2 protein chains.
Amino acid sequence: MDAHDRPPGSRLGRRNDPDRRDRIIDACLEVVAGSGVAGTSHRKVAARADVPLGAMTYYFDGMDDLLREAFTRFATSVSDRFERRMAEAPDVDAAREAVVAIILEDVFGDDRDLVLSHELYTLAAREPAYRAITAGWMARSRAALERHFDPDTARVLDALIEGLTITAPWTPRPATPARSSSRSDGSPRGSAAPTCRAAAGGRRHH
Amino acid sequence: MDAHDRPPGSRLGRRNDPDRRDRIIDACLEVVAGSGVAGTSHRKVAARADVPLGAMTYYFDGMDDLLREAFTRFATSVSDRFERRMAEAPDVDAAREAVVAIILEDVFGDDRDLVLSHELYTLAAREPAYRAITAGWMARSRAALERHFDPDTARVLDALIEGLTITAPWTPRPATPARSSSRSDGSPRGSAAPTCRAAAGGRRHH
DNA sequence: CGCGAGTGTGTACGAACGTACACTCGCTGT
DNA sequence: ACAGCGAGTGTACGTTCGTACACACTCGCG
């Protein structure tokens, strides 16, 4: 789409595409979300980003480089959202509600983020290069939490958010847990909120 | 090793190897732990298990089947350990200490379990077939916790253990967090224990 | 207006993959 | 003793992968 002023003979405007690198990174995230890191290849990403295969090795030094950059972008984006939500909370009560909202939204929200998080964690569990990304992500999350909670609580809260986000999709039902829709049986939404609210209220700051 | 009465002409005793299936499954787990699901192939597993390549498709219906069986074994083993530890706790205080021990051991213990857990989670995040494995694992963990804690606390505790296990390796240092050895700087062991102890003590049963 | 420089592309190659399938050979029944 | 059967194996094929590299095409400059 939007092939506005493409020179007629050529495949694509050669020089007039400065954000192709960005498009490749985004396409890489989409492919990873859809097929996993295991199923991600230069060819699939190139096809999704609508760039020639040769551009892969031209812009990135191999798959690791691309994945590192893609997951850095992903972690930054999630981290930004988290930080913004925490910054918007005026007091401790609002911060607690924000934590609840984050959990509920990350849990029942898009599958994409959950899948990408797992893929990143898996990479980070093995390769130290990716651990820098997750470490930075966690540092920002914890710093954001420490605006409202004391460091120990922030540490535990961060871990709890992680754990609830990860385990929640498996508990409601074996089928796809994506959309809410299961409001009639109140188990997930009905139980998660009060429990994590209780946990968040454990110890407060100031 | 132990090539006791192998017929001289043949590669291996043909019929006298009834636990080859088991060996393949174990080898699969080792390969996954070492190279990730992405880097696991029939050939690598066959080489590690010292069985011919043809045996892969003979004993398992493709890679998915093998992975499913391997991760089922892994989850069962971890789950057994968890359950046993919980069953051995005589009262609530001992249970809390057991939870602390589980966290510390899973966190600072072998990298292998952490990597395998992540690989399983990643698979489960995308494919429902693997979700059954994680769902069963979590159900057992929670049931074990409910021997000592009320259901809501058990739910949160389970998530907290998961979250701490996952996030703890990233917080101490960018280098390998495998061996303890870092008892001199008390940061990881010194901070994780009191915080999760505090969290576990939130609400008690009976 | 022509031409070098260098950015970006198409293609081809070697390696590794999963899987099918013809075949071997140890065991068993007679 | 030996024939037959089926559990188990080796190999070969088609596909897909990452990467290297010769080449096209654009742009700026003289």
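Nothing here was measured: the structure is a model prediction, and the numbers come from that model. Within every chain, numbering begins at 1; the chains are lettered A, B, ... in the order of the sequence lines, protein sequences first and strands thereafter.
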Holding to salt bridge (charged side-chain N to carboxylate O under 4.0 Å, His left out), I want the full list of residues that pass it with A/Asp64, two or more places apart in sequence or in another chain. none
Non-neighbouring partners of A/Arg68 that pass salt bridge (charged side-chain N to carboxylate O under 4.0 Å, His left out), sequence neighbours left out: none
side-chain hydrogen bond (donor to acceptor under 3.5 Å, both in side chains): which pairs involve residues 35-44 of chain A, sequence neighbours left out? none
Every protein N/O within reach of nucleotides 17-20 of chain C N/O, cut-off under 3.5 Å:
residue: C/dC17; atom: OP1; partner: B/Ser41; partner atom: OG; Å: 3.2
residue: C/dG18; atom: OP1; partner: B/His42; partner atom: N; Å: 3.2
residue: C/dG18; atom: OP2; partner: B/His42; partner atom: N; Å: 3.0
residue: C/dG18; atom: N7; partner: B/Arg43; partner atom: NH1; Å: 2.7
residue: C/dG18; atom: O6; partner: B/Arg43; partner atom: NH2; Å: 3.2

Between atom OH in A/Tyr59 and atom P in D/dG18, what is the gap in whole Å? 19 Å
Can you measure A/Arg21 atom CZ to C/dT7 atom P for me and round it to whole angstrom units? 15 Å
List the atom pairs, with distances to 0.1 Å, where a side-chain N or O of residues 112-119 of chain A and a protein N or O form a donor-acceptor pair under 3.5 Å, not counting sequence neighbours.
residue: A/Asp113; atom: OD2; partner: A/Arg81; partner atom: NH2; Å: 3.1
residue: A/Ser117; atom: OG; partner: A/Asp113; partner atom: O; Å: 2.7
residue: A/His118; atom: ND1; partner: A/Leu114; partner atom: O; Å: 3.3
residue: A/Glu119; atom: OE1; partner: A/Val37; partner atom: N; Å: 3.3
residue: A/Glu119; atom: OE2; partner: B/Arg126; partner atom: NH2; Å: 2.3

Just jot down the side-chain contact (heavy atoms from CB on, under 4.5 Å) partners of A/Ser79, sequence neighbours excluded, or say none. A/Trp137, A/Arg140
For B/Tyr58 and C/dC21, give me the distance from atom OH to atom P, rounded to whole Å. 17 Å
